[in-house]
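Structure, as structure tokens:
Chain identifiers are assigned alphabetically (A, B, ...) following the order of the sequence lines, protein sequences preceding nucleic acid strands; residue numbering begins at 1 within each chain. Reckoned from all heavy atoms, side chains included, excluding hydrogens, waters and symmetry mates. Here the structure is a predicted model, which is why all the values come from computation and not from measurement.
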There are 2 protein chains.
Amino acid sequence: MSAENKSPATRRRRKRTNDPEGMRKKVLDVAEASFQARGYHASSLGDLMAAAGVTGGALHHHFPTKKALALAVIEERVAAAVEETWIAPMRAAGTAREGVRAVFEAVAAGLEHQGFVRGCQLNNLAHELSLTDPDFRMALAGIFAAWRKAIADKVGADQQAGREQGTDAQRFAALAVASYSGAMSMAKTAQDAGVLRDCLEALERAAPSSSQSGLAVKRRRRVLLRQKTL
Amino acid sequence: MSAENKSPATRRRRKRTNDPEGMRKKVLDVAEASFQARGYHASSLGDLMAAAGVTGGALHHHFPTKKALALAVIEERVAAAVEETWIAPMRAAGTAREGVRAVFEAVAAGLEHQGFVRGCQLNNLAHELSLTDPDFRMALAGIFAAWRKAIADKVGADQQAGREQGTDAQRFAALAVASYSGAMSMAKTAQDAGVLRDCLEALERAAPSSSQSGLAVKRRRRVLLRQKTL
DNA sequence: TCTAAAACAGACCGGTTGTCCTGTTTTGTC
DNA sequence: GACAAAACAGGACAACCGGTCTGTTTTAGA
């Protein structure tokens, strides 16, 4: 965690190696983590520079303004996180409902193992930045839309396979995204991931996969899908 | 909206009138609005002072620190907003599900009439402040808990009246709060309140009030409950 | 009326923030 | 190897932020 590029007395001047992509990645790593933990406004560029071991000149070279940095974090990192956590698992799932359940449980398990809750990157930044700047808002809205679309598409696939005939794909997707987002908000505030499981149970108990009451079907789905934790 | 306490030449010195409660209220009004629109960190005390027409001395007299001001906004204003928007309508509703529907529709209608979405005060501040300070977090968590309890209590009352026998009150409340919170997050980011209606429809289509499929029951509930818009 | 506390005014300060600017070093290209 | 552009270093700076401080006015109570 401390400095390691101090030139020792043995070799007075280390030769510099330009690594623009590596440096850019290092900055994005630190910014992503800091935005997640402290938020955008509470993260100063000075802190980020110190944490990344990067000088002001280098930072400014890759990201002219703080807004540009945040936009890059949103478009590259936050979008990728949603892709990894939700979109890919949803594509890989057998059905939409199984996918939703798998993600909820995987995230809940990951948070419980981690011991604390930092919340959803997308929602964290969306709340802080949506009204601040139209560019922020549009970038964040696009990620929300892609997220919803991935779920709705899965419902559509289910319907083409003869399932979920009574379900409105768009609305189902909206509810899935909303309940996850809100549950994460509560989990973050209470520092307790249990509410994620509460919401999932309520969602499934209230919404059986077909007309069956869905009481005996629930347990055996739990082990079907293993997923890499975030 | 401009200054009105400039002393005109007619009477050289206006007599000052101490109004501690009024001044405190004025500051809280401005702070509440600014936190809602710009967030905590993006709201500077200088802006608040200017907007409220209050000097630094007066502000500091009532709120020694910015944190104290935010805590007052949370405990007095945000809690009151949740009380007015959710808890009171929930107590007044015939059943829990009717109450949830009434609030969703009232808020959606209010937002559509307003033309823009600033989001949920509680969730806005919760996302920005939960991880920054334990005092903030606890205050916000308490409001979430009261919100959930109000809904769960209503489900309990329904159950004592013979309804909702298969429903878990805690989980139902968690899902209602979560889906509302998440829907508001999306509505704020997309600047479109329609997602609130999507979530409500999905919630009710998926969760019929009893074993009936809930297709014909939905429409006639819509006019039953009128509620004061936020 | 006298007095002390509360209420308010307004200047002030140290620290921080984001950005800019001027150099220096590295690197790809002819 | 010459050279221009990219990559990086690091200081400088003006604006701003939150908090403090001193002083004045109002108000309540004896």
Side-chain angles (χ1 to χ4, degrees), chain A residues 3-7 11-31 34-35 38-73 128-129 132-133 135-136, chain B residues 3-7 11-31 34-35 38-73 128-129 132-133 135-136:
Chain A
E4 78 283 64
N5 48 3
K6 274 289 196 296
S7 61
R11 204 188 245 213
R12 219 186 49 224
R13 198 61 80 87
R14 279 262 336 242
K15 193 181 179 194
R16 201 184 78 196
T17 321
N18 280 3
D19 180 18
E21 295 175 15
M23 177 156 284
R24 190 185 137 91
K25 170 173 157 44
K26 213 169 14 173
V27 172
L28 282 177
D29 286 342
V30 170
S34 183
F35 290 168
R38 270 163 279 181
Y40 173 79
H41 286 103
S43 298
S44 79
L45 294 181
D47 294 342
L48 299 184
M49 282 162 46
V54 164
T55 65
L59 177 62
H60 176 74
H61 178 72
H62 292 281
F63 307 101
T65 65
K66 191 184 181 184
K67 172 181 169 178
L69 172 58
L71 227 39
V73 168
E128 191 180 359
L129 301 180
T132 310
D133 190 290
D135 296 328
F136 284 149
Chain B
E4 78 282 65
N5 48 3
K6 272 290 195 301
S7 61
R11 203 188 246 212
R12 218 185 51 225
R13 197 63 78 89
R14 278 261 341 239
K15 194 180 177 195
R16 201 184 77 195
T17 321
N18 281 3
D19 181 19
E21 295 176 14
M23 176 157 285
R24 189 186 137 92
K25 169 172 157 45
K26 210 166 22 172
V27 172
L28 282 177
D29 285 341
V30 170
S34 182
F35 290 168
R38 270 163 278 181
Y40 173 79
H41 286 104
S43 299
S44 79
L45 293 181
D47 294 342
L48 299 184
M49 281 162 46
V54 164
T55 64
L59 176 62
H60 177 259
H61 178 72
H62 291 281
F63 307 101
T65 65
K66 191 184 182 184
K67 171 181 170 179
L69 171 59
L71 226 39
V73 168
E128 190 179 0
L129 301 180
T132 42
D133 190 290
D135 296 329
F136 284 148

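Side-chain nitrogen and oxygen atoms of A:H61 include at least one within less than 4.0 Å of the OP1 or OP2 phosphate oxygen of D:dA7. Look at B:T55 and you won't find any side-chain N or O under 4.0 angstrom from OP1 or OP2 of C:dG10. Look at A:H41 and you won't find any side-chain N or O under 4.0 angstrom from OP1 or OP2 of C:dT17. Here B:S44 does not reach the OP1 or OP2 of D:dC16: none of its side-chain N or O atoms lies under 4.0 Å away.
Between B:K66 and B:Y40, the closest side-chain pair of non-hydrogen atoms falls below 4.5 Å. For the pair B:H62 and B:V27, the minimum side-chain heavy-atom distance is 4.5 Å or more. Residues B:L71 and B:D133 fail the side-chain proximity criterion, which asks for heavy atoms closer than 4.5 Å. Looking only at side-chain heavy atoms (C-beta outward), B:D19 and B:K26 stay at 4.5 Å or farther from each other. Using a 4.5 Å heavy-atom threshold, the side chains of B:L129 and B:H41 count as touching.
Atom P of nucleotide C:dA7 and atom CZ of B:F63 are separated by 12 Å, given to the nearest angstrom. Rounded to whole Å, atom P of C:dT16 lies 14 Å from atom CE of A:M49. Counting to the nearest Å, the P atom of C:dG18 and the CG atom of A:L59 are 10 Å from each other. C:dC8 atom C1' lies 12 Å from atom CG of B:D19, rounded to whole Å. Counting to the nearest Å, the P atom of C:dG18 and the OH atom of A:Y40 are 8 Å from each other. Computed from coordinates, the A:H62 NE2 to D:dA6 P distance equals 13 Å when rounded to whole Å. At whole-Å resolution of the value, CG in A:L45 and P in D:dA15 are 19 Å apart. The CZ atom of B:R16 sits 7 Å away from the C1' atom of D:dT24 (whole-angstrom rounding).
Taking every side-chain heavy atom of B:N18 into account, D:dT27 is the closest of C:dA9, D:dT27, D:dA7.
DNA chain C is contacted by both A:P64 and A:A42; A:A42 maps to the nucleotide lying nearer its 5′ end (nearest heavy atom per residue). Each of A:G57 and B:K67 was assigned the nucleotide of DNA chain D with the nearest heavy atom; the assignment lying further toward the 5' end belongs to A:G57.
Using a 4.0 Å heavy-atom distance criterion, B:H60 is classed as a base contact.
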